[in-house]
Amino acid sequence: MKRVAVFASGSGSNFESIVQASKNDESYEVVLLFSDQPNAYALKRAETLGVEAESFSLKDYPDKLAYEADVLALLIRKRIDFIVLAGYMRLIGSTLLNHYSGQIVNIHPSLLPQFPGLNAIGQALEAGVTETGVTIHFVDEGMDTGPIIRQEKVWIEKDDTQETLQRKIQQVEHRLYPETLQQLLRKDEVIV
Ligand code: GAR
């Protein structure tokens with residue numbers, strides 16, 4: 001069984017769905033929730049779910065290199081095999097990318113390469129498109145750029161707002177992310 005660390009900066013609803021799904025599955029176990037935000041709601045969810053949690057603040061370090069060195073030491077100590085970014089709003093640097101090459105995935109609320117970066121849902125509404133969606137991809141040094149593993153469309157209705165569209169997208173995310181992780185980690189191979 002793969003030992004997974006989930007990285008989250010915010011609410012952690014994807015983290016929760018990933019943990020819940022792992023209870024009925026032999027492919028992975030979430031052994032750590034890591035956050036770069038000491039007040040992230042994801043940390044509270046971890047406590048409720050009985051998952052060990054750690055939070056390091058970048059401002060306590062001289063630079064990102066020193067920060068990632070500490071994160072890597074933590075992951076090695078916890079014998080983490082695979083990293084799942086779930087609303088982690090920070091670029092992964094070379095220290096983690098080199099050590100976990102091909103073993104880091106991310107979820108993004110758009111059909112990449114459309115609408116990368118912050119507020120992808122707002123970007124889609126602003127652009128006036130009729131469909132957007134969810135992308136799960138391997139992480140590289142770019143922002144939301146690595147090889148795509150899975151995508152699913154979500155239609156945008158005329159009366160959709162940021163809140164309604166976010167709800168529709170998150171419904172898809174909460175099903176698609178655990179499902180994709182189960183397939184990826186069970187077979188330990190790419191499932192494009
Ligand atoms: C998710 O919708 C995820 O796709 C998005 O942040 C949200 C986190 O929600 N990620 C990005 O925008 C990454 N560029 P959650 O904290 O409730 O799981």
Side-chain angles (χ1 to χ4, degrees), residues 4-23 28 30 32-49 51-58 64 71 82-93 96-97 100 104-127 129 131-156 160-182 184:
V4 166
V6 177
F7 284 26
S9 303
S11 155
S13 70
N14 277 284
F15 158 65
E16 180 159 351
S17 68
I18 289 164
V19 171
Q20 296 295 8
S22 74
K23 291 182 179 160
Y28 70 90
V30 179
L32 182 69
L33 181 273
F34 175 77
S35 185
D36 60 329
Q37 302 295 331
N39 297 319
Y41 188 66
L43 293 162
K44 294 205 173 60
R45 289 192 202 252
E47 197 180 336
T48 308
L49 290 162
V51 175
E52 192 177 331
E54 286 279 2
S55 172
F56 301 162
S57 218
L58 188 60
K64 192 164 169 182
V71 177
F82 198 87
I83 301 172
V84 173
L85 308 185
Y88 187 68
M89 300 313 220
R90 198 174 282 290
L91 280 181
I92 299 294
L96 291 179
L97 282 173
Y100 284 97
I104 310 177
V105 293
N106 181 41
I107 191 161
H108 185 76
S110 78
L111 296 174
L112 290 171
Q114 271 192 314
F115 314 129
L118 291 178
N119 193 17
I121 295 172
Q123 289 185 55
L125 287 170
E126 182 79 6
V129 293
E131 60 179 45
T132 183
V134 173
T135 301
I136 296 166
H137 65 94
F138 287 108
V139 172
D140 64 12
E141 60 287 340
M143 190 192 294
D144 304 319
T145 49
I148 289 171
I149 304 165
R150 278 274 198 97
Q151 288 190 306
E152 193 169 307
K153 267 184 206 169
V154 172
W155 294 104
I156 303 179
D160 265 328
T161 61
Q162 179 89 19
E163 289 70 36
T164 60
L165 185 54
Q166 180 168 336
R167 211 173 305 133
K168 285 198 270 184
I169 284 185
Q170 289 226 318
Q171 250 171 27
V172 172
E173 292 187 335
H174 296 163
R175 171 178 47 75
L176 196 65
Y177 216 3
E179 199 178 284
T180 305
L181 290 173
Q182 283 165 1
L184 202 58

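Start at 1 and go down the list; that is how both ligands and their atoms are numbered.
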Would you mind writing out a table of all protein N or O atoms found under 3.5 Å from any N or O atom of ligand 1, naming both atoms and giving the distance to 0.1 Å?
{"unit_1": "ligand 1", "atom_1": "2 (O)", "unit_2": "Gln170", "atom_2": "NE2", "d": "3.2"}
{"unit_1": "ligand 1", "atom_1": "2 (O)", "unit_2": "Glu173", "atom_2": "OE1", "d": "2.8"}
{"unit_1": "ligand 1", "atom_1": "2 (O)", "unit_2": "Glu173", "atom_2": "OE2", "d": "3.1"}
{"unit_1": "ligand 1", "atom_1": "4 (O)", "unit_2": "Glu173", "atom_2": "OE2", "d": "2.5"}
{"unit_1": "ligand 1", "atom_1": "9 (O)", "unit_2": "Gln170", "atom_2": "NE2", "d": "3.1"}
{"unit_1": "ligand 1", "atom_1": "14 (N)", "unit_2": "His108", "atom_2": "ND1", "d": "2.9"}
{"unit_1": "ligand 1", "atom_1": "16 (O)", "unit_2": "Ser11", "atom_2": "N", "d": "3.4"}
{"unit_1": "ligand 1", "atom_1": "16 (O)", "unit_2": "Gly12", "atom_2": "N", "d": "2.7"}
{"unit_1": "ligand 1", "atom_1": "17 (O)", "unit_2": "Ser11", "atom_2": "OG", "d": "3.4"}
{"unit_1": "ligand 1", "atom_1": "17 (O)", "unit_2": "Ser13", "atom_2": "N", "d": "3.0"}
{"unit_1": "ligand 1", "atom_1": "17 (O)", "unit_2": "Ser13", "atom_2": "OG", "d": "2.5"}
{"unit_1": "ligand 1", "atom_1": "18 (O)", "unit_2": "Ser13", "atom_2": "N", "d": "3.3"}
{"unit_1": "ligand 1", "atom_1": "18 (O)", "unit_2": "Asn14", "atom_2": "N", "d": "2.9"}
{"unit_1": "ligand 1", "atom_1": "18 (O)", "unit_2": "Asn14", "atom_2": "ND2", "d": "2.9"}

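- Nearest heavy-atom pair, Val51 versus Val30, reported as atom, atom and distance to 0.1 Å: CG1-O, 4.0 Å.
- By the side chain to side chain contact (heavy atoms under 4.5 Å, CB included) test, Ala86 pairs with Val6, Asn14, Tyr177, sequence neighbours left out.
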**Report entry** Arg45 vs Thr48, side chain to side chain contact (heavy atoms under 4.5 Å, CB included): CA-CA, chis, key distance, verdict
**Finding:** CA-CA 5 Å; Arg45 289 192 202 252; Thr48 308; 5.6 Å; no
Query - Residues Arg175, Ser17; criterion side chain to side chain contact (heavy atoms under 4.5 Å, CB included); working and verdict - result: CA-CA 8 Å; Arg175 171 178 47 75; Ser17 68; over 6 Å; no
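- Annotation for Lys64: atom NZ counts as buried by contact number, over 12 foreign heavy atoms lying within 6.0 Å.
- Note: Tyr88 and Phe7 have perpendicular aromatic rings, judged against thresholds of 30 and 60 degrees for the angle between ring planes.
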